[in-house]
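A quick note: this is a predicted structure, and the numbers were derived from the prediction, not measured.
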Amino acid sequence: MLSLILHIMSGTWMAYDFGATMKTWFRFYSGFETVVSLKLILLFCTFICVLYAQFVVIPNLNKNNIYRIAIINLTVTSIGVAMLILGSTLHYGGI
């Protein structure tokens, strides 16, 4: 859970580092705001996946439903790759 808290803190810090305050989140006016907003949406999706895994999937995990944790693992990994690609577009002015 500590890593999730650090992930959320670094994500919001990244938003403020690029000059996107809470008032400008999710406005999608410029390329930077679009990328920052999309990364914050993906951060929220990661948060939801982790909470679902922590409180629903892991307590009920057995041989018959192990695929659920695999799906969550694949989802969080895909979100991470999407965040990496979005972050690399910031060097070129965003989307």
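At least one side-chain heavy atom of Leu86 sits under 4.5 Å from a side-chain heavy atom of Leu42. Residues Leu40 and Phe44 fail the side-chain proximity criterion, which asks for heavy atoms closer than 4.5 Å.
Here the straight-line distance linking atom OG1 of Thr75 with atom CD1 of Ile72 works out to 7.0 Å at 0.5 Å rounding. Atom-to-atom distance recorded for Ser10:OG and Asp17:CG is 11.5 Å, nearest 0.5 angstrom. Expressed to the nearest 0.5 Å, how far CD1 of Ile71 lies from CG of Asn65 amounts to 10.5 Å. From Thr12, atom OG1 reaches atom NE2 of His7 across 10.5 Å, with rounding to the nearest 0.5 Å. With rounding to the nearest 0.5 angstrom, the CD1 atom of Ile69 is 4.5 Å from the CD1 atom of Ile58. Annotation: the span from Leu38 atom CG to Phe26 atom CZ amounts to 9.5 Å, rounded to 0.5 Å.
Taking hydrophobic clusters as Ile, Leu, Val, Met, Phe, Trp and Tyr residues chained together by side-chain heavy-atom distances below 4.5 Å, Val76 does not share a cluster with Ile41. Under a hydrophobic clustering in which Ile, Leu, Val, Met, Phe, Trp and Tyr are joined whenever their side-chain heavy atoms come within less than 4.5 Å, directly or via other members, Val56 and Val50 fall into different clusters. When hydrophobic clusters are built by joining Ile, Leu, Val, Met, Phe, Trp and Tyr residues whose side-chain heavy atoms come closer than 4.5 Å, directly or via intermediates, Met22 is grouped together with Phe28. Grouping the Ile, Leu, Val, Met, Phe, Trp and Tyr side chains by contacts below 4.5 angstrom, directly or via other members, places Leu90 with Met83. Hydrophobic clustering (ILVMFWY, side-chain heavy atoms < 4.5 Å, transitive): Val57 and Leu4 are in distinct clusters.
Pro59 and Ala53 make their closest contact through CD-O, 4.1 Å (heavy atoms, listed as atom of the first residue, atom of the second, distance). In plain terms, the two heavy atoms of Arg27 and Ser37 that are nearest each other are N-OG, 4.1 Å. Thr89 and Val35 get closest at one heavy-atom pair: OG1-CG2, 3.5 Å. Smallest separation of non-hydrogen atoms from Val36 and Ala15: CG1-CB, 3.7 Å.
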